[in-house]
There are 4 protein chains.
Amino acid sequence: MPDPTQRGNGINRGPAAAAANRRAILAAARSLFAERGYHVPLNAIARRAGVGQGVLYRHFPTRLDLALTVFDENFNELEAIAASGDSATFEHLWRRLVDLTIEVSAFIEMAVDARGRLAAYDGTQRLRELLTEPLGAAHEAGLVPASLTVDEVLLTLRMVYGVVTTSPADRVREHVSGSLRLVGWTPDERAPR
Amino acid sequence: MPDPTQRGNGINRGPAAAAANRRAILAAARSLFAERGYHVPLNAIARRAGVGQGVLYRHFPTRLDLALTVFDENFNELEAIAASGDSATFEHLWRRLVDLTIEVSAFIEMAVDARGRLAAYDGTQRLRELLTEPLGAAHEAGLVPASLTVDEVLLTLRMVYGVVTTSPADRVREHVSGSLRLVGWTPDERAPR
Amino acid sequence: MPDPTQRGNGINRGPAAAAANRRAILAAARSLFAERGYHVPLNAIARRAGVGQGVLYRHFPTRLDLALTVFDENFNELEAIAASGDSATFEHLWRRLVDLTIEVSAFIEMAVDARGRLAAYDGTQRLRELLTEPLGAAHEAGLVPASLTVDEVLLTLRMVYGVVTTSPADRVREHVSGSLRLVGWTPDERAPR
Amino acid sequence: MPDPTQRGNGINRGPAAAAANRRAILAAARSLFAERGYHVPLNAIARRAGVGQGVLYRHFPTRLDLALTVFDENFNELEAIAASGDSATFEHLWRRLVDLTIEVSAFIEMAVDARGRLAAYDGTQRLRELLTEPLGAAHEAGLVPASLTVDEVLLTLRMVYGVVTTSPADRVREHVSGSLRLVGWTPDERAPR
DNA sequence: TATGAATGAGGCTTCATTCAT
DNA sequence: TATGAATGAAGCCTCATTCAT
């Protein structure tokens with residue numbers, strides 16, 4: 001009788017393993033997207049996950065499905081931060097968004113890919129929703145200017161993407177700080193304009 | 001007797017075609033980079049240019065050589081603008097830079113590719129040089145704030161890249177305008193901050 | 001429903017075919033190396049084996065891997081002969097070595113290729129080992145001069161290679177006989193010197 | 001008015017240059033065969049010779065024609081040695097033959113190529129002729145055993161080829177010496193059997 | 001249901017050969 | 001007659017995707 005906690009041993013372990021496989025695939029994809037970019041071969045992901053090629057296709061029919069799910073998990077994390085609900089939440093969220101942007105440059109490649117294929121996808125909607133309440137709280141606490149909108153926050157994030165992608169690897173954070181200063185965010189205080 | 005004005009008809013048109021071929025390849029590459037991105041198959045470029053695979057390799061041994069030449073032409077155009085030398089030059093330059101950024105998003109992908117392979121390549125140096133004098137003139141004419149530096153202009157451009165790349169094709173210009181407003185440039189007047 | 005005994009019909013025959021495919025590839029490689037030399041196109045091998053290009057790469061990532069495996073099988077056969085253990089074994093071995101040399105001139109080309117890439121590979125070591133005992137037995141039985149060493153046997157073999165490679169196909173055996181006479185081996189008796 | 005001693009300057013210098021071009025091609029081919037083997041790209045030869053591709057084809061329609069001509073020059077040199085006519089001539093010839101064998105391993109590759117395509121070519125005939133007289137002189141002077149025939153000398157040479165081709169580059173001469181000892185030639189004295 | 005081998009299209013690159021000038 | 005660019009076939013290799021077991 002096979003050990004269900006053991007994966008990738010070539011034994012069909014039945015439906016019970018499906019959830020574990022899914023998690024393993026997502027973890028593998030996350031790390032490989034970060035290491036080798038969005039276009040990393042799918043079989044490398046399957047290999048690192050310890051599953052067969054077929055399983056990967058069962059769970060995620062296209063590369064885009066896989067990538068969207070990986071990045072969805074980031075949204076889950078961000079939503080958890082947003083739910084904490086004090087006035088510093090917005091700052092935490094922003095900090096985490098910038099870090100994710102720096103870490104996962106694969107996201108931008110996915111976005112390019114998705115633009116052509118997934119007209120319906122507007123990943124920003126979810127971001128918009130999770131930012132609304134924390135930004136309101138920050139407004140009330142006087143931590144950000146009253147005029148700052150959610151859309152401007154998102155736009156700034158996309159500007160950060162541009163800077164991240166075009167910076168030499170060893171100067172990314174320095175350039176990001178410079179660009180945030182340009183829009184009037186002093187990175188130390190994270191107090192916009 | 002073959003018609004020498006006809007391209008891509010499978011006939012060896014002889015060395016006289018070399019210059020025309022080179023131009024045809026560059027034009028094909030320019031349009032395909034814009035349409036399909038930096039990683040468009042090289043044989044698609046050769047096909048659109050109406051030349052054999054080998055000709056493309058003779059003129060441009062690597063994809064990077066080809067891309068650098070294409071973008072070099074952009075620099076040439078920008079330098080021509082810069083040379084005109086009146087106080088509105090900076091505005092013209094900036095407008096053209098933003099347009100190029102919107103049109104040729106392949107440039108960003110090339111930059112990523114070049115980063116790994118062409119340590120010596122710093123495309124921004126050339127940009128920096130051609131901007132210096134026009135920005136000085138704009139300073140003197142009071143058209144831009146005295147504090148605005150060339151590096152800030154370049155950084156802004158990279159932020160624009162980020163917005164371009166992550167925007168749905170039909171809303172690119174709208175988003176770019178929004179982001180320029182964010183950094184205090186009102187796109188209508190091009191009067192920064 | 002596809003006929004699983006039929007090869008190369010464009011149908012995915014599943015993993016069960018792996019072992020059969022491997023054998024088919026090796027057989028195809030063996031015959032094509034003999035017919036067309038070491039540098040025969042790999043896709044010709046895949047075609048004769050009735051498999052896709054990718055399968056060949058899965059089993060043998062490089063041409064050298066494939067060739068080494070093919071020739072390994074020759075070593076296996078020789079070692080089986082060597083294991084039989086009577087005093088005539090050396091004669092059998094030698095006869096087979098000469099025949100293999102004549103049949104598989106691709107071996108020499110592979111050796112040239114391997115020299116540059118596989119510093120660790122010393123194919124002769126395995127030959128040396130399998131010859132040692134049979135030569136000793138032949139010494140004891142007085143079938144070969146006491147002074148004949150394993151290295152001399154190997155050197156003679158390489159001289160035979162030279163003659164094989166430079167002889168017109170229809171006179172190979174005649175020339176080999178002549179050259180063995182030169183070193184004092186009368187091919188009829190196989191009684192060296 | 002072009003300088004006829006100057007080659008590869010892109011100017012059509014008329015028929016007078018034909019002989020110089022031919023010599024340049026042969027010299028380039030000789031060095032490149034030695035450096036990179038028989039299958040060196042033909043355009044590399046044309047480039048080193050400083051001529052266009054077309055000229056190479058005019059003079060030598062096939063790779064084999066070129067190679068045969070290159071090696072013919074070796075025969076010319078050997079015939080010059082043979083013509084000197086004293087009793088040590090055979091020894092000089094033999095020494096030069098072994099050296100050529102070691103230097104020009106491209107010859108063996110050409111031989112493999114020629115086997116399939118040039119049934120009529122028996123390069124050995126010319127060798128045989130130039131060796132006959134010197135070997136006779138050596139016989140008369142008692143420098144070689146009376147039984148040694150020209151064909152045996154040629155066969156030995158081909159055995160040397162085999163050893164050369166299969167030896168690690170840094171041990172070629174050592175192995176050749178060993179093999180000559182095997183056939184009873186002590187390399188120091190060059191006194192066969 | 002999971003495995004992982006097989007398929008084969010597609011992209012890259014190299015040359016032998018041709019041919020306009 | 002010489003040049004050297006153009007052609008395009010051919011080989012190499014890499015995956016995305018399928019499917020027998």
Side-chain angles (χ1 to χ4, degrees), chain A residues 7-18 21 39-44 46-47 50-58 61-63, chain B residues 1-2 4 8-19 21-22 39-44 46 51-59 61-63, chain C residues 1-2 4 8-19 21-22 39-44 46 50-59 61-63, chain D residues 7-18 21 39-44 46-47 50-59 61-63:
Chain A
R7 273 203 342 287
N9 52 7
I11 289 171
N12 181 338
R13 298 177 318 290
N21 279 345
H39 290 286
V40 64
L42 294 178
N43 66 11
R47 202 177 321 117
V51 302
Q53 300 267 91
V55 175
L56 193 150
Y57 276 86
R58 167 177 304 275
T62 72
R63 178 185 297 273
Chain B
M1 176 175 165
N9 52 8
I11 289 171
N12 182 340
R13 295 187 313 289
N21 279 343
R22 193 172 200 275
H39 291 287
V40 63
L42 294 177
N43 63 12
V51 302
Q53 291 272 98
V55 176
L56 195 148
Y57 278 87
R58 166 182 292 273
H59 287 291
T62 72
R63 178 186 299 275
Chain C
M1 177 176 165
N9 50 10
I11 289 170
N12 182 342
R13 295 186 313 288
N21 278 344
R22 192 171 200 278
H39 291 285
V40 63
L42 293 178
N43 64 11
V51 302
Q53 291 271 95
V55 176
L56 194 148
Y57 279 87
R58 167 183 293 274
H59 287 291
T62 71
R63 180 186 296 277
Chain D
R7 271 203 342 285
N9 52 8
I11 291 169
N12 182 339
R13 295 177 320 288
N21 279 345
H39 291 285
V40 65
L42 293 179
N43 64 11
R47 202 177 322 120
V51 303
Q53 299 269 91
V55 175
L56 193 149
Y57 277 86
R58 166 177 305 275
H59 287 291
T62 73
R63 179 184 296 273

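Convention: sequence-line order gives letters A, B, ...; per-chain numbering from 1. All values reported here derive from a predicted model rather than from experimental measurement.
- Remark: P of F/dT17 and OH of A/Y57 are 4 Å apart, rounded to the nearest angstrom.
- For the pair A/Q53 CD and F/dT17 C1', the computed distance is 9 Å after rounding to whole Å.
- Distance, B/N43 CG to E/dA9 P: 15 Å, rounded to whole Å.
- Of the inter-residue distances, the one linking A/Q53 atom CD with A/L42 atom CG reads 7.5 Å to the nearest 0.5 angstrom.
- Scanning all heavy atoms of the two residues, the minimum distance from B/G52 to B/A46 falls at O-CB, 4.1 Å.
- Rounded to whole Å, atom P of E/dT17 lies 17 Å from atom CZ of D/R58.
- Distances from the side chain of B/V51 to the nucleotides F/dA16, F/dT3, F/dT7 place F/dT7 closest.
- Atom CZ in C/R22 sits roughly 17 Å away from atom P in E/dG4 (whole-Å rounding).
- Using a 4.0 Å heavy-atom cutoff across all strands shown, D/H59 reaches no nucleic acid atom at all.
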- Note on the structure: Note, DNA chain F 5' to 3' with Watson-Crick or G-U pairs under 3.5 Å encoded as ( ), [ ], | and . gives .||||||||||||||||||||
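- When heavy atoms are screened at a 4.0 angstrom cut-off, C/H39 is found touching no nucleic acid atom at all.
- What separates CG of B/L42 from P of E/dC12 is a distance of 4 Å, to the nearest Å.
- Listed here is the closest heavy atom pair of A/V40 and A/R63: O-NH1, 2.7 Å.
- Phosphate contact (OP1/OP2 of F/dA6, side-chain N/O of B/N21, threshold under 4.0 Å): present.
- In this structure, the CG atom of A/L56 is 13 Å from the C1' atom of F/dC15, given to the nearest Å.
- If B/G54 and C/G52 are placed on DNA chain E by their nearest nucleotide, the residue sitting closer to the 5' end is C/G52.
- Comparing E/dT3, F/dG11, E/dA16 by their nearest atom to the side chain of D/R63 picks out E/dA16.
- Closest-nucleotide positions on DNA chain F for C/P41 and B/V55 were compared, and the one nearer the 5' end corresponds to B/V55.
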